[in-house]
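Single-structure report; data block below.
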Amino acid sequence: MTAQPTPHPTDDPTQAIVLHNHHHTPALPDTALTPSAAARVADGWAASTRTGYARDWHTFTTWCSHTSRTPLPATAETLASYTDHLATTKAAPATVDRALGAIASRHAAAGQAVSTKAARLVLRSYRREWAAAGGRRKQAPALSVEELRQMLDTAQEDLTGLRDRTLLLLGYAMMARRSELAALNTTDLRQVPEGLEVFVATSKTDKDSTGTTVAIPYGTHLLTCPVRTTTAYLAALADTGITRGPLLRSIDRHGRVAGTAESAGRGTGRMSGAGINLVVKRLAEKAGIENVTAHSLRAGPATAAAAAGAPRAWIARQGRWSEASTAVDTYIRPADAWRDNPIRKVGL
């Protein structure tokens with residue numbers, strides 16, 4: 001059977017959906033998405049998800065082109081063979097799993113059914129091989145409060161340092177994703193007698209962007225108080241004329257904040273999630289703490305709260321995990337494994 005021509009690989013999800021409708025289905029009004037509708041379908045994914053899915057889709061379509069297979073709609077055999085291909089390249093099982101999710105989501109967006117059952121069986125077999133060969137899932141370590149203090153101590157004593165301390169403490173207290181931190185505006189924060197209320201307009205588990213308010217209480221120590229540090233940073237921004245727009249901004253070596261009159265031409269200067277990650281890694285390295293990433297700001301407080309006996313539901317709510325999430329349990333279980341360890345009861 002002659003394979004259909006493969007669409008030109010693209011990193012743009014919108015174009016991939018439009019290509020499907022124009023080249024792989026009959027030109028029927030009821031089966032075609034308008035460019036505007038295709039754009040909104042593609043934009044329905046979170047920005048970080050959209051970027052990762054675009055990369056995975058590009059890799060898949062490139063492989064299809066080289067093997068004369070059709071990527072959209074893909075057959076179950078194509079997906080199983082592609083999964084086996086990723087396994088032979090020694091990709092981590094989590095990477096393979098994400099790739100299958102990207103392909104399935106692209107088909108769903110284009111209104112096409114695809115069976116991943118055979119591919120999932122291939123992945124299950126590969127997971128066993130991976131584990132037997134000593135493979136382990138890489139996960140950012142949970143950052144303890146003591147390690148957080150060490151990182152705070154390394155921050156500069158200027159506006160950049162104040163921004164970095166705000167980034168660390170607000171991220172830790174919110175159990176924030178780096179994308180959530182990057183999206184915050186100054187007007188999303190409101191001081192109340194109990195501390196701060198932070199409005200998160202959208203997040204990974206808030207696909208409809210209804211928004212939620214996160215309560216940040218005062219800390220018991222000045223160095224680690226997220227409320228006092230953040231309000232000091234807001235006051236410093238106000239001194240430069242900034243009372244609206246991005247909260248976390250790039251600051252040059254001369255102390256000029258992006259988005260002000262003296263830094264004209266640099267745009268709003270909103271820090272990206274990648275930029276936030278770089279700040280966290282830099283401060284961790286200065287403190288001599290290894291393997292820390294921005295995700296450690298999320299894992300750390302969840303683990304510490306669980307060790308202190310905070311209910312799972314409260315931890316999930318603070319970190320905006322869905323109630324059915326198993327991800328939050330990966331941070332709670334290490335604490336429970338020691339606090340509730342049954343071997344403590346046997347008298348060794």
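All values below were derived from every heavy atom in this structure, side-chain atoms included, with hydrogens, water molecules and symmetry-related copies excluded.
Smallest separation of non-hydrogen atoms from Pro217 and Pro226: O-CG, 3.8 Å. The heavy-atom pair separating Ala142 from Thr303 by the smallest distance is CB-OG1, 3.7 Å. Residue Gly161 comes nearest to Ala155 through the heavy atom pair O-CB, 3.9 Å, listed as atom of the first residue, atom of the second, then distance. Shortest non-hydrogen contact noted between Gly269 and Ala258 is CA-CB, 3.4 Å. Across Leu162 and Ala236, no two heavy atoms sit closer than the pair CD2-CB, 4.0 Å. When all heavy atoms of Ala76 and Ala118 are compared, the closest pair comes out as O-CB, 4.4 Å.
Proximity of a side-chain donor or acceptor of Glu290 to a complementary backbone N or O of Ala284 within less than 3.5 Å is not detected. Looking only at distances, a side-chain donor or acceptor of Tyr172 sits under 3.5 Å from a matching main-chain atom of Leu143. Under the 3.5 Å distance criterion, the side-chain polar atoms of Ser105 are matched with a main-chain donor or acceptor of Gly101. No donor-acceptor pair closer than 3.5 Å links the side chain of Gln318 to the backbone N or O of Ile315. In terms of modelled atom types and a separation under 3.5 Å, the side chain of Arg178 and the main chain of His295 share no donor-acceptor contact. The backbone N or O of Leu72 sits nowhere less than 3.5 Å from a side-chain atom of His107 that would complete a donor-acceptor pair. Side chain of Asp56 to backbone of Ala102: no donor-acceptor contact under 3.5 angstrom is found. The backbone N or O of Met174 lies less than 3.5 Å from a partner atom in the side chain of Arg320, making a donor-acceptor pair. A side-chain donor-acceptor contact under 3.5 Å links Asp252 to the backbone of Gly255. Put simply, the side chain of Arg165 never gets that close to the backbone of Leu152: no donor and acceptor are under 3.5 Å apart.
Taking 4.0 Å as the cut-off between side-chain N and carboxylate O, Arg120 and Asp97 count as a salt-bridged pair. Between Arg177 and Glu180 there is a salt bridge, with a side-chain nitrogen of the basic residue lying less than 4.0 Å from a carboxylate oxygen of the acidic one.
We find the CG-OG1 distance between Leu121 and Thr116 to be 9.5 Å, quoted to the nearest 0.5 Å. Atom-to-atom distance recorded for Ile103:CD1 and Cys64:SG is 7.5 Å, nearest 0.5 angstrom. Residue Met151 holds its CE atom at 9.5 Å from CD of Glu285, rounded to the nearest 0.5 Å. Atom-to-atom distance recorded for Leu237:CG and Arg249:CZ is 6.5 Å, nearest 0.5 angstrom. Here the straight-line distance linking atom CG of Leu79 with atom CG of Asp84 works out to 12.5 Å at 0.5 Å rounding. One distance of note links OG1 of Thr213 with CG of Leu196; it measures 12.0 Å at 0.5 Å rounding.
In this structure the side chain of Leu247 reaches within 4.5 angstrom of the side chain of Tyr233, judged on heavy atoms. Leu223 has its side chain within reach of Asp153: a pair of non-hydrogen atoms, C-beta onward, lies under 4.5 Å apart. Counting heavy atoms from C-beta outward, Arg270 and Asn185 have side chains that approach closer than 4.5 Å. Counting only heavy atoms from C-beta outward, the side chains of Arg98 and Thr95 approach each other to under 4.5 Å. Contact check for Gln156 versus Asp164: no side-chain heavy atoms found under the 4.5 Å cut-off. In this structure, Arg163 and Val279 have side chains that are in contact, with non-hydrogen atoms separated by less than 4.5 Å. Side chains of Ile289 and Gln150 form a contact here, defined as non-hydrogen atoms less than 4.5 Å apart. For the pair Leu189/Glu197, no side-chain contact is recorded, criterion being any heavy-atom separation below 4.5 Å from C-beta on.
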- Derivation and outcome, side chain to side chain contact (heavy atoms under 4.5 Å, CB included), residues Val214 and Met175: CA-CA 10 Å; Val214 183; Met175 302 184 188; over 6 Å; no
- Task: Determine, stepwise, if the pair Val328 / Arg312 fulfils side chain to side chain contact (heavy atoms under 4.5 Å, CB included).
- Result: CA-CA 8 Å; Val328 66; Arg312 180 189 185 280; 3.3 Å; yes
- Query: Is there a side chain to side chain contact (heavy atoms under 4.5 Å, CB included) between Val257 and Ile242 once you walk through the steps?
  - Reply: CA-CA 9 Å; Val257 184; Ile242 295 174; 3.6 Å; yes
- Check step by step if side chain to side chain contact (heavy atoms under 4.5 Å, CB included) holds for Leu168 and Thr229. CA-CA 10 Å; Leu168 288 178; Thr229 301; over 6 Å; no
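Under the 4.5 Å side-chain heavy-atom criterion for ILVMFWY residues, no single connected hydrophobic cluster contains both Trp314 and Leu297. In the hydrophobic clustering of ILVMFWY residues, with side-chain heavy atoms under 4.5 Å counting as a link, Leu159 and Met271 come out together. Leu278 and Leu181 fall into different hydrophobic clusters, where Ile, Leu, Val, Met, Phe, Trp and Tyr residues are linked whenever their side-chain heavy atoms come under 4.5 Å apart, directly or through other members. A continuous path of Ile, Leu, Val, Met, Phe, Trp and Tyr side chains, each step under 4.5 Å between heavy atoms, connects Tyr218 with Ile216, placing both in one hydrophobic cluster. In terms of hydrophobic clustering, with Ile, Leu, Val, Met, Phe, Trp and Tyr side chains grouped at heavy-atom distances under 4.5 Å, Leu248 and Leu234 are assigned to a common cluster.
Between Trp63 and Tyr82, the two ring planes are tilted [angle within 30° to 60°].
The local environment of NZ in Lys286 is crowded, with over 12 non-hydrogen atoms from other residues, nucleotides or ligands closer than 6.0 Å.
Note that Arg298 lies in the cation-pi zone of Trp321, set by a 6.0 Å cut-off to the ring centre and a 45° limit from the axis.
Side-chain atoms of Thr75 and Thr78 form a donor-acceptor pair, as typed in the model, at a separation below 3.5 Å.
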